[in-house]
Amino acid sequence: MPVKKTEVAANVTVISQEEIEKGNFSSVPEILRTSNVNLEEGSNGTIPFINGDNRVLILVDGIRMNWDQIITSGSKGGFNLNNIPVKNIERIEIVRGPSSSLYGSDAVGGVINIITRKATGSNTSIATEFGSWGMRKYNLSTENKLTNGYSYLITAEHKKQDNTEYKNAATGKVETLPQSYVEQDSVTMRLDKELSAGRTLSFQFEHVDKDFGFGGTAPGQPYWHYENGRGESKDDNMALTYHFGTDNLFRVYRNHSTEEVSYDGATIGYDVERTATGAEWQQSKRLSDQHTLVGGADWRQTDFTYVSQGIDDTYSTKAIFLEDHWTLPSNWTLTLGSRYDDHSIIGDHVTSRLTANRKINTATNIYASWGQFVKSPQVEDLFSNTLYFVGNPNLRPETGDTVTLGMNTELAGGTKLQASIFSSRVKDAIDYDYSYTKNPRGYAYNIDNQKRQGLDINLTHQLSPHWSASAGYSYVKIKNKDADATDYSNDLSNSQPNGYRLGVQYDQDKWNAGLTVRAATGRSLEQFTSKSYVTFDLVTNYKISPDTRVYIKGYNLLNRAYELKSLSTFGAYLSAGAYPMASRSFYIGVEHRM
């Protein structure tokens with residue numbers, strides 16, 4: 001069910017299907033940028049940051065999608081967000097703050113839950129899109145809700161784009177980014193069966209087949225620019241879910257992924273295969289009008305074969321969790337929850353959380369929360385055995401806690417305000433040593449401590465029947481303290497110390513248009529080509545008929561040179577501008593419902 005802001009003790013953003021359709025987004029990262037989620041884009045994926053933290057859990061319909069393996073340079077593991085067809089999404093829920101007491105590892109900075117939709121009626125639509133750098137996309141979607149309780153939704157999509165371009169911050173010239181092309185085919189299917197007494201059975205299947213360029217960094221970098229790099233990947237995900245009553249479910253699933261990359265005109269590269277098999281059970285029990293228990297259990301086994309890293313390992317996680325929800329006088333609610341995880345390699349750990357929420361009226365609530373978190377080491381950090389990097393089997397999981405205070409309210413004139421502040425302490429944060437002074441090969445190690453503090457403010461206002469506006473500001477400060485250091489030092493790789501967002505939306509009759517301005521200040525020149533950046537994106541829709549619409553999209557309209565990805569741990573071997581964002585681009589598309 002959709003999250004209600006006034007009933008949860010967390011900073012929650014919900015992006016609806018209507019907002020997604022108006023934006024004509026081609027990928028999930030494009031959607032997330034409109035909500036002030038910071039994203040760092042690498043050669044083979046996008047890393048979301050919440051509260052300045054890339055330890056973010058990605059769920060699709062509540063199913064864990066994160067791999068405990070580097071998805072793109074600098075990541076803490078995750079999932080390639082470009083694999084999810086936008087056409088299938090009903091809404092996206094973004095929850096800031098730790099949720100390890102419910103979901104276990106990875107839910108440190110927050111959770112992104114992508115809810116897919118099921119068929120609502122008989123409908124078939126086709127869409128196509130063309131644009132910069134030879135971009136072309138074709139999409140077919142068909143759905144039907146049958147009278148016998150069955151329904152289906154099937155989508156097929158093909159998209160292809162040649163090498164993109166970027167503006168070189170040093171020369172001011174627009175240049176081609178080699179090996180940045182991508183070609184992707186995807187097929188998804190969802191089957192639902194309505195049973196008696198509010199019970200449903202759902203089967204979901206997704207297949208993604210992708211060929212892509214593997215460039216690493218921009219040309220001219222001394223390291224990690226791969227000539228003639230190319231790769232291919234295949235992803236197959238299946239899940240069978242039995243729902244019985246509100247918030248009650250039993251699910252089995254299997255996620256399988258293969259990826260091969262080569263470069264330098266040879267077979268040098270990597271070859272990885274990963275499989276996750278799992279089962280989940282969750283059930284709520286209403287003990288009284290004021291008291292509800294939610295509990296469950298998880299089991300997940302992950303198999304990794306990573307030839308170039310010398311890894312061939314299997315590990316499993318077993319967990320149980322319980323949350324106690326109390327409704328108290330004066331519209332207070334209290335939640336206390338704990339989760340026990342038993343990891344077959346790093347051992348067991350317990351994470352807990354405590355939240356208090358006061359619903360002042362239908363539009364206003366205030367809340368406070370304290371939550372513990374845990375993040376398991378990546379398989380490369382534990383088991384690698386290469387010429388340049390060696391695993392550290394003695395790594396401890398990253399642990400810590402976060403305190404959050406926040407509110408949601410509606411001000412005079414109808415302006416809606418959402419605000420929160422947080423303070424986070426991380427123990428045994430994992431960092432990397434590539435100095436080759438302590439060890440002849442690079443390795444991962446646990447630094448002493450890490451501190452994160454920040455705030456997030458969002459405003460929305462309906463200016464008139466046709467005009468609306470939204471604005472957001474976020475602040476994040478990150479400090480690290482190595483075991484050998486006497487004090488904390490600022491984390492210079494923070495790509496958005498101060499983040500700004502402004503959105504203006506226009507709706508009237510057949511027209512719809514949206515302008516999004518994104519900016520950041522306070523960045524380090526040791527990691528980035530500039531201390532700040534500003535970008536403008538514009539989307540315009542026109543309905544030719546009730547069943548047909550055309551749209552035009554423009555991104556980075558001012559053609560700025562900027563990066564969202566820092567040099568990270570490889571700063572000594574790279575120069576600023578190693579990971580440039582795309583230059584100005586335009587796209588035109590049409591969608592027709594048959």
Side-chain angles (χ1 to χ4, degrees), residues 1 3-13 50-53 55-59 62 64 66 93-113 247 280-285 287 290-298 317-328 332-343 348-359 365-376 397-408 418 420-429 450-456:
M1 295 178 65
V3 175
K4 295 182 180 179
K5 293 181 181 179
T6 57
E7 296 180 0
V8 63
N11 186 324
V12 178
T13 301
I50 297 180
N51 285 351
D53 202 316
R55 290 163 288 205
V56 175
L57 178 63
I58 308 297
L59 304 174
R64 171 186 293 270
N66 292 56
E93 297 174 353
I94 304 166
V95 181
R96 297 177 181 271
S99 299
S100 287
S101 62
L102 273 179
Y103 302 111
S105 180
D106 301 301
V108 179
V111 177
I112 298 175
N113 190 13
D247 298 327
E280 303 172 344
W281 163 67
Q282 177 180 302
Q283 189 161 358
S284 63
K285 178 67 174 178
L287 303 179
Q290 293 79 36
H291 189 199
T292 302
L293 287 176
V294 178
D298 295 341
T317 303
K318 295 173 286 186
I320 57 173
F321 64 90
L322 181 67
E323 284 214 335
D324 200 352
H325 302 270
W326 287 88
T327 301
L328 305 175
W332 281 96
T333 57
L334 187 70
T335 299
L336 174 63
S338 288
R339 177 183 173 106
Y340 170 80
D341 285 90
D342 183 11
H343 194 291
D348 58 354
H349 40 263
V350 176
T351 51
S352 302
R353 73 165 178 165
L354 175 64
T355 71
N357 182 67
R358 168 77 190 282
K359 185 176 180 180
N365 73 304
I366 56 174
Y367 60 86
S369 69
W370 167 83
Q372 295 177 307
F373 54 76
V374 63
K375 174 67 176 74
S376 302
E398 300 172 295
T399 60
D401 59 12
T402 299
V403 175
T404 305
L405 302 175
M407 70 176 299
N408 301 288
Q418 185 178 37
S420 66
I421 59 174
F422 75 92
S423 178
S424 179
R425 299 175 300 173
V426 184
K427 182 181 178 181
D428 292 328
Q450 185 181 80
K451 294 193 297 187
R452 296 170 182 264
Q453 295 176 320
L455 63 89
D456 186 83

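Side chains are part of it too, since the values below use all heavy atoms of this structure and drop only hydrogens, waters and symmetry mates. Just so you know, these numbers come straight off a predicted model, no measurement behind them.
Scored by the ring-ring contact (aromatic ring centres under 6.0 Å, His included) test, H349 finds no partners at all (sequence neighbours excluded). Residues meeting the ring-ring contact (aromatic ring centres under 6.0 Å, His included) test with W332, sequence neighbours left out: none. Under the rule for a side-chain contact (heavy atoms from CB on, under 4.5 Å), the partners of T317 that lie at least two apart in sequence or sit in another chain are D341, H343. Under the side-chain hydrogen bond (donor to acceptor under 3.5 Å, both in side chains) criterion, T402 pairs with S424, sequence neighbours left out. Applying the side-chain contact (heavy atoms from CB on, under 4.5 Å) criterion to Q453, with sequence neighbours excluded, gives S423. Applying the salt bridge (charged side-chain N to carboxylate O under 4.0 Å, His left out) test to R96 and every residue at least two apart in sequence or in another chain returns D456. With sequence neighbours left out, L336 forms a side-chain contact (heavy atoms from CB on, under 4.5 Å) with L354. Not counting sequence neighbours, D342 has no partner by the side-chain hydrogen bond (donor to acceptor under 3.5 Å, both in side chains) test. Partners of L102 by side-chain contact (heavy atoms from CB on, under 4.5 Å), not counting sequence neighbours, listed by chain and number: F321, E323, R353. For W370, the side-chain hydrogen bond (donor to acceptor under 3.5 Å, both in side chains) partners two or more places apart in sequence, or in a different chain, are D401. Residues that satisfy the side-chain hydrogen bond (donor to acceptor under 3.5 Å, both in side chains) test with Y340, not counting sequence neighbours, are D348.
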- Would V56 and I112 count as a side chain to side chain contact (heavy atoms under 4.5 Å, CB included) if you check the C-alpha gap in whole Å, the side-chain angles of each, and the deciding distance to 0.1 Å? CA-CA 7 Å; V56 175; I112 298 175; 4.1 Å; yes
- Verify side chain to side chain contact (heavy atoms under 4.5 Å, CB included) between H325 and T333, making sure each step is shown before the conclusion. CA-CA 7 Å; H325 302 270; T333 57; over 6 Å; no
- Between D298 and R339, does a salt bridge (Lys or Arg N to Asp or Glu O under 4.0 Å) hold up when you go through it step by step? CA-CA 10 Å; D298 295 341; R339 177 183 173 106; 3.2 Å; yes
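For the pair R452 (side chain) and G52 (backbone), a donor-acceptor distance under 3.5 Å is present. Looking only at distances, a side-chain donor or acceptor of N113 sits under 3.5 Å from a matching main-chain atom of G62. Side-chain atoms of Q372 come within 3.5 Å of backbone atoms of S352 as a donor-acceptor pair (strictly under, hydrogens ignored). Side-chain atoms of N66 come within 3.5 Å of backbone atoms of I58 as a donor-acceptor pair (strictly under, hydrogens ignored). At least one donor-acceptor pair under 3.5 Å links the side chain of D53 to the backbone N or O of R55. Remark: side-chain polar atoms of Y103 are not paired, donor with acceptor, to backbone N or O of L59 under 3.5 angstrom.
Using a cut-off of 4.0 Å between Lys/Arg side-chain N and Asp/Glu carboxylate O, K427 and E398 are scored as not salt-bridged.
Closest heavy-atom contact between G97 and N51: N-ND2, 3.7 Å. The two atoms that bring V374 and P397 nearest to each other are CG2-CB, 3.9 Å, heavy atoms only. Shown here for Q450 and A429, the closest heavy-atom pair between the two residues is CB-CB, 4.2 Å.
Annotation: the span from T335 atom OG1 to Y367 atom OH amounts to 13.5 Å, rounded to 0.5 Å. Once rounded to the nearest 0.5 Å, the distance linking CD1 of I366 with OG of S420 reads 14.0 Å. Taking OG1 of T399 as the start and CG of D428 as the end, the distance is 5.5 Å to the nearest 0.5 Å. From M407, atom CE reaches atom CG of N11 across 12.0 Å, with rounding to the nearest 0.5 Å.
In this model, no donor atom of one side chain and acceptor atom of the other lie less than 3.5 Å apart for S284 and D247.
Within the 4.5 Å cutoff, the side chain of L287 has no heavy atoms near those of the T292 side chain. Contact of the L328 side chain with the L334 side chain is registered, since non-hydrogen atoms from C-beta on lie closer than 4.5 Å. Put simply, the side chain of K451 does not reach to within 4.5 Å of the side chain of V426, judged on heavy atoms.
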